[in-house]
Enquirer: 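Mind looking over this structure? Questions follow.
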Amino acid sequence: MSTLPSLLSRHVPLAEPASQLAALDAAPLPTEFHTALDRAGLWPLKPTALRTLQLNLGKMCNQTCRHCHVDAGPDRTEVMTRETMELCLAALERSGAQTVDLTGGAPEMNPSFQWLLEQLRARGRHVMVRSNLTILETGPHRDLIDFYARHRVEVVCSLPHYRALSTDRQRGDGVFERSIAALKRLNTVGYGDGTSGLRLVLVTNPVGAFLPGSQVSLEAEWKRELARNHGIVFDALFTITNMPISRYLEWLQLSGNLEAYLEKLVAAFNPAAAAGVMCRDTLSVSWDGQLYDCDFNQMLALNVSGPVRHVRDFDAEALARRDVVVRRHCFGCTAGAGSSCGGATAR
Amino acid sequence: MDDSYYHAADLPRFSTIGENRPELAKKFFDWYGAVFADGALSAREKALIALAVAHAVQCPYCIDAYSTGSLEKGADLDQMTEAVHVAAAIRGGACLVHGVQMRNHATKVGM
């Protein structure tokens, strides 16, 4: 199954965040997100202690997955500069965040990726890299696995399914085979063996218009099947709900699933998951240094509220006083067992 | 003709069966939930069994519910198709094995 190029390169209206928000607002829903939060006693939504700084190093990617919320792809040229990275490092020193989560696009494709990672580790921060796996099988990046091991990086990898059929439908022909090759090499250096301390996490998100199943149950399935069929081991599986934005929103529209999917998310609103949403303890920085409550708000151009909007002006106390910006897409993080970049947020 | 059979919109209204005799519905739904939890069989395996049985009993509500349910529980379309073939094989085999009954009877009454 071949995937389409980015929305931007196809010049379709949904490439614009305003068009995505308008499409979501046009759907008939029984309730708004802030109303659901209010009923749960969580409105306005306030941050808790900042734990994670998530840096989006750019929209460049070697894949064009059908569900990508970033609209990333090989045609995208936006990447974080060394100068902006230095601003992020300075902000990190002023924040209480102990974990830095590097994402993209394919963050490995940023020319200063290895420099940044060394700087973060030198400052004693725990670093997570969100890898699409196949990038680790491309010529210029094949040595990164040893680099990751040397710097004790937590590798968080996308693998929607433990078989090729669904994986390739979502991510493109041949992606599964190359992902398995990368996972085997990660295992070879000790990732995922449970004793080396080299943590290997897989991420699955549904290949279609439905919610992920139980994270505990799916983790057991993924571990058994990947070990049985490929001899692959890993530490944990995160389940992530697809947010109804960007390319996934386009697919929902084209397949006639948009309204039913949004209704499903609203009907599955879980107050426990709402209390644990990641935007409360995470800040997201875009490739150009702007601040957001999460990577999804970033893609919808919904900056943080309050006076501090750019990482150069980072002020932990001012940011702690802000209200988290929420819109209808936020129902994606509060449905069922909840969803975050760290997987399910409620049982 | 009255258009009152099998509407997809009725599936999410299943719980309204509890509006009368709710104590009976509660027993059913509690038991139903327990049946499909992870156990000696995984939730995915149970969803695939349910999908196969849904085809055998030819319930469109159950087919919709367990097509989604199987996907949610981590099955893919290859696995789901194999499950439907299992149901079809048992139904076909159950038909054909009655041919032995036919043969027994035909042998008895025939010349």
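The basis for the numbers below is simple: all heavy atoms, side chains too, and nothing from hydrogens, waters or symmetry mates. Throughout, protein chains are lettered first and strands after them, A, B, ... in sequence-line order, and every chain is numbered starting at 1. A quick note: this is a predicted structure, and the numbers were derived from the prediction, not measured.
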Enquirer: Report the option among B:Ser42, B:Ala43, B:Ala37 that has the most heavy-atom pairs separated by less than 4.5 Å from atoms of chain A.
Expert: B:Ser42

Enquirer: Among residues 222-248 of chain A, which ones touch chain B with a heavy-atom distance under 4.5 Å?
Expert: A:Trp222, A:Arg224, A:Glu225

Enquirer: Under 3.5 Å, is there a donor-acceptor pair between the side chain of A:Glu154 and the main chain of A:Arg199?
Expert: no

Enquirer: Select one option (side chain, backbone, both, neither) describing which atoms of A:Leu211 are under 4.5 Å from chain B's heavy atoms.
Expert: both

Enquirer: Measure A:Pro212 against the heavy atoms of chain B and call it side chain, backbone, both or neither at under 4.5 Å.
Expert: backbone

Enquirer: Would a line drawn from the ring center of B:Tyr66 to the ring center of B:Phe36 be shorter than 6.0 Å?
Expert: yes

Enquirer: Out of curiosity, B:Ser70 OG to B:Arg44 CZ, how far, rounded to the nearest 0.5 Å?
Expert: 9.5 Å

Enquirer: Hey, does the side chain of A:Arg327 reach the backbone of A:Leu24 with a donor-acceptor pair shorter than 3.5 angstrom?
Expert: no

Enquirer: With rounding to the nearest 0.5 Å, note down the distance linking CD in A:Gln20 to CG in A:Leu249.
Expert: 6.0 Å

Enquirer: Would you please name every residue forming a ring pair (Phe, Tyr, Trp, His ring centres under 6.0 Å) with A:His34, sequence neighbours left out?
Expert: A:Trp43

Enquirer: So, A:Arg178 and A:Glu137, do they make that salt bridge, N to O below 4.0 Å?
Expert: no

Enquirer: Given a strict heavy-atom distance threshold of 4.5 Å, which part of B:Asp38 is in contact with chain A: side chain, backbone, both, or neither?
Expert: side chain

Enquirer: Without swapping roles, check the side chain of A:Arg328 against the backbone of A:Ala27 for a donor-acceptor pair under 3.5 Å.
Expert: yes

